[in-house]
Amino acid sequence: MRILNEDFYRRSAVEVAWDLPGKVLVHQTEEGVTSGMIVEAEAYYQGDPACHATRGKTKRNAPMFGPPGRAYVYFIYGNHFCFNAVTGEEERGEAVLVRALEPLEGVELMWRRRGSDRPYRKLTGGPGNLCAALAITREQNEASLLEPPLYIADTGKEVPSEEVVVTTRVGISRGEEELLRFYIKDNPHVSRR
DNA sequence: GCTTTGATGCACT
DNA sequence: GTGCATCAAAGCG
């Protein structure tokens, strides 16, 4: 597998979000390697009222204004982490939220982290779930995605464009009208259709 | 410095 | 389908 380079991320969030389904997110930890195919992603860009960066740079969203190819991990609702890949040129304030994975490596480890009574589809389905399964926390905030232990790789297999569905985003209270969400058709790990 | 609320998930009805 | 856990940062004053 080929690790995606900076040029991949140095594009608009919408373009990157379109290309991410089918790519593989990998996290190597002391416990072992966990990875999964990205099956759902959403684009956020400055000017979008729902984007964290829409009101300029703050302490929380500073990674979104940094160089592309970094992680932006933030804590939400007291319990949950969400993982984003920073895209676009520096100071643009763009990112792509990874919402769901299909487990590949380290499934046993994910089960151990999550509890064994969990339905398989919920193991990495949903932004909070995939972060818990891959052990992504605040510590991975601003980490580079261009090299191990945390990176996104290209399997060489492209997802046919007719299998990628474009729709509106989830959980947005403002500006729901735009079609910025991309997911793989009929994949059981996608939370909402 | 105090209040509000959110790019959620889960247990429960 | 509804409610709740739980907290950091934004927003306000």
Side-chain angles (χ1 to χ4, degrees), chain A residues 9 12-21 23 25 34 36 38-66 68 70-88 92-103 110-143 145 152 164-184 187-193:
Chain A
Y9 300 99
S12 76
V14 176
E15 286 179 88
V16 175
W18 173 261
D19 280 343
L20 274 181
K23 302 294 187 290
L25 175 62
T34 45
I38 295 171
V39 297
E40 189 180 357
E42 290 178 0
Y44 289 85
Y45 61 93
Q46 198 171 27
D48 169 10
C51 177
H52 285 176
T54 194
R55 275 186 262 266
K57 192 194 288 190
T58 66
K59 189 175 183 183
R60 179 208 209 178
N61 64 27
M64 289 179 91
F65 290 86
R70 298 263 194 97
Y72 168 43
V73 182
Y74 69 93
F75 193 54
I76 192 75
Y77 295 130
N79 304 350
H80 304 290
F81 292 102
C82 293
F83 170 81
N84 302 249
V86 178
T87 67
R92 285 286 301 279
E94 294 191 350
V96 174
L97 169 67
V98 178
R99 289 189 54 84
L101 305 175
E102 178 177 312
M110 296 184 198
W111 280 104
R112 229 179 305 146
R113 284 172 178 155
R114 305 312 317 282
S116 56
D117 53 346
R118 171 172 301 272
Y120 176 67
R121 64 189 326 152
K122 296 284 189 68
L123 200 55
T124 53
N129 284 329
L130 76 87
C131 285
L134 297 206
I136 293 172
T137 70
R138 213 188 325 278
E139 291 174 30
Q140 275 69 47
N141 197 25
E142 286 196 277
L145 299 176
I152 299 175
V164 179
V165 181
V166 185
T167 184
T168 53
R169 292 172 299 182
V170 176
I172 308 296
S173 54
R174 297 192 55 176
E176 176 81 34
E177 70 289 331
E178 296 184 81
L179 300 176
L180 297 173
R181 177 167 176 249
F182 305 88
Y183 66 87
I184 296 182
N187 188 289
H189 297 91
V190 175
S191 46
R192 206 191 90 177
R193 284 176 289 173

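Residue numbering restarts at 1 for every chain, and letters A, B, ... go by the order of the sequence lines. Heavy atoms only: backbone and side chains are in, while hydrogens, waters and symmetry mates are out.
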Does any N or O in the side chain of A/N61 come within less than 3.5 Å of the main-chain N or O of A/K57, such that one atom is a donor and the other an acceptor?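 Answer holds: no.
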Kindly indicate whether the side chain of [X], heavy atoms from C-beta on, has any atom under 4.5 Å from the side chain of [Y].
X: A/Y44; Y: A/L97; value: yes
X: A/F65; Y: A/Q46; value: yes
X: A/L145; Y: A/Y9; value: yes
X: A/T87; Y: A/E94; value: yes
X: A/I152; Y: A/I38; value: yes
X: A/R113; Y: A/T34; value: yes
X: A/W111; Y: A/Y120; value: yes

Hey, which sits more toward the 5' end of DNA chain C by its nearest nucleotide, A/G78 or A/R55?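 Between the two, 5'-proximity favours A/G78.
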Please find the pair of heavy atoms, one from A/W18 and one from A/V164, that lie closest to each other, and give the distance.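 Closest approach of A/W18 to A/V164: CZ3-CG1, 4.0 Å.
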Under a cut-off of 3.5 Å for both distances of each Watson-Crick or G-U pair, what dot-bracket string does DNA chain C give, using [ ] for crossing pairs and | for inter-strand pairs? |||||.||||||.
Indicate, with a heavy-atom threshold strictly under 4.0 Å, whether A/N129 touches base, sugar-phosphate, or nothing.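 Sugar-phosphate only.
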Tell me what A/Y77 touches on the nucleic acid: a base, only sugar-phosphate, or nothing, going by heavy atoms under 4.0 Å.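 Counting heavy atoms under 4.0 Å across all strands, the contact made by A/Y77 includes a base.
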Just say parallel, tilted or perpendicular for the rings of A/F81 and A/F75, cut-offs at 30° and 60°.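 Plane angle between 30° and 60°, so tilted.
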Between which nucleotides of DNA chain B, read 5' to 3', does contact with chain A run, using atoms under 4.0 Å from its heavy atoms?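 The contact span of chain A on DNA chain B goes from B/dG6 to B/dC10.
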Outermost DNA chain C nucleotides near chain A [under 4.0 Å, heavy atoms]: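 The protein-touched segment is C/dA5 to C/dG11.
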